[in-house]
2 protein chains.
Amino acid sequence: MPEKRVGLTARQQKILEELNDCPDEMSGQKLHRNLLASAANMGLTTVYRNLRTLQQKGLVRCRNLPTGETLYSPVNRDHHHLTCVDCGRTMVLKSCPIKNIQLPKAQTRNFELLFHTLEFFGLCKSCHQRQEAIEI
Amino acid sequence: MPEKRVGLTARQQKILEELNDCPDEMSGQKLHRNLLASAANMGLTTVYRNLRTLQQKGLVRCRNLPTGETLYSPVNRDHHHLTCVDCGRTMVLKSCPIKNIQLPKAQTRNFELLFHTLEFFGLCKSCHQRQEAIEI
DNA sequence: CTAATCTTGGGAAAGGTTTGCGATTTAACA
DNA sequence: TGTTAAATCGCAAACCTTTCCCAAGATTAG
């Protein structure tokens with residue numbers, strides 16, 4: 001896909017770099033701390049505002065944990081997860097199950113698709129066993 | 001699918017009823033207001049806590065708006081959305097595109113799947129046009 | 001170069017959600 | 001039915017995120 005978006009500010013580029021450099025997703029708070037540490041000083045508000053902007057440009061995606069935290073990652077990293085609704089631990093899926101899926105044209109005709117989020121929720125083995133043990 | 005979960009408290013049932021009765025998703029705040037109005041008095045904390053529990057039981061699902069609000073809906077209502085990253089408006093998808101998708105067994109062997117969220121993000125027609133106008 | 005306008009940034013405040021903790025209710029068992 | 005342990009509740013505080021508002025910087029026209 002061509003890199004058609006232009007006009008990233010210097011700080012937006014910094015944020016995007018930081019996200020790309022880190023193999024894991026990051027919360028807004030952690031991103032802020034990392035940037036402070038790496039000499040790119042930036043207010044917390046600015047971090048969140050630019051994250052929002054980057055989402056609007058289709059470059060950054062986020063997902064929400066049950067704890068209320070929001071984790072951000074670059075869109076080009078097409079990761080999805082299994083998340084345990086009990087302990088909150090997540091596993092990364094090896095591949096995107098809907099990579100080649102087509103949405104009905106009628107629904108996307110008036111909509112420029114930028115990215116998607118697909119998350120699976122359930123019980124991990126240990127939480128499941130714990131519940132079984134209690135219910136018996 | 002059989003209703004295998006048991007042991008819902010009276011308040012959890014009230015919350016579930018309220019969600020089922022309302023055709024739209026609801027925020028925690030709105031749910032709380034509705035319950036106050038319908039004589040089922042309940043603290044805000046209790047609402048959120050029980051929503052979490054209902055998620056753990058696989059009966060309720062939520063999605064997060066860019067505003068930070070969280071919207072809850074019953075899992076049996078298998079709805080997904082197109083959401084505009086600019087204006088935040090959402091459209092409901094007519095059908096679930098991954099209803100019949102199989103995850104690799106290797107990844108779900110140790111995981112009891114309860115539900116999923118699938119959300120598409122992009123630009124709605126009017127926001128897209130506005131951006132084009134600016135960029136030219 | 002200057003002035004008016006528009007965009008961007010930061011601090012403080014507000015909003016929604018979650019957590020901690022003592023008090024109350026529910027449930028189990030005798 | 002009475003006693004006791006466990007689960008649940010609600011308030012207050014904490015947390016993360018977003019919004020408000022004003023100052024600083026950039027852009028454009030004259």
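Below, chain A is the first sequence line, B the second, and so on; all start at residue 1. If you're wondering where the values come from, they're calculated on a predicted model, not measured in any experiment.
To the nearest angstrom, C1' of C:dT24 lies 10 Å from CZ of B:Arg11. Atom pair B:Met26:CE and C:dG16:C1' shows a separation of 17 Å (rounding to whole Å applied). We find that CE of B:Met42 is positioned 13 Å from P of D:dT8, with the value rounded to whole Å. At whole-Å resolution of the value, NE2 in B:His32 and P in D:dC9 are 12 Å apart. Going from atom CG of B:Leu71 over to atom P of C:dG16 covers 12 Å, rounded to whole Å. When rounded to the nearest whole Å, the span between CG of B:Leu35 and C1' of D:dG10 equals 15 Å. Atom pair B:Asn41:CG and D:dC9:P shows a separation of 12 Å (rounding to whole Å applied). Between A:Gln29 atom CD and D:dC16 atom C1' there is a gap of 6 Å when expressed in whole angstrom units.
Within 6.0 Å of atom CZ in B:Arg89, 12 or fewer heavy atoms from other residues, nucleotides or ligands are found, so the atom counts as exposed in its surroundings.
Side-chain contact between A:Leu113 and B:Leu82 is present, with heavy atoms from C-beta onward closer than 4.5 Å.
Among residues two or more places apart in sequence or in another chain, the side chain to side chain donor-acceptor pair (under 3.5 Å) test is passed with A:Thr117 by none. Residues that satisfy the side-chain contact (heavy atoms from CB on, under 4.5 Å) test with B:Leu35, not counting sequence neighbours, are B:Ile15, B:Glu18, B:Leu31, B:Ser38, B:Ala40, B:Met42, B:Val47. Remark: A:His81 pairs with A:Glu25, A:Arg63, A:His79, A:Thr83, A:Thr90, A:Val92, A:Glu119 by the side-chain contact (heavy atoms from CB on, under 4.5 Å) rule, at least two apart or across chains. Considering only residues two or more places apart in sequence or on other chains, A:Gln55 meets the side chain to side chain donor-acceptor pair (under 3.5 Å) condition with none of them.
Looking only at distances, a side-chain donor or acceptor of B:Arg77 sits under 3.5 Å from a matching main-chain atom of B:Pro23.
The side chain of B:Asn50 places an N or O atom within less than 4.0 Å of a non-bridging phosphate oxygen (OP1 or OP2) of D:dC9.
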Between the protein and nucleotides 26-29 of chain C, which nitrogen or oxygen pairs are less than 3.5 angstrom apart?
none

Table of protein N/O atoms under 3.5 Å from nucleotides 18-22 of chain C N/O atoms:
{"unit_1": "C:dT18", "atom_1": "OP1", "unit_2": "A:Pro66", "atom_2": "O", "d": "3.2"}

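In this structure, A:His116 has its ring center no closer than 6.0 Å to that of B:His80.
Where B:Glu69 and A:Gly43 meet DNA chain C, the nucleotide closest to each residue was compared, and A:Gly43 sits on the side nearer the 5' end.
Residues A:Arg61 and A:Asp78 are paired through a salt bridge, judged by an N-O separation under 4.0 Å between the basic side chain and the carboxylate.
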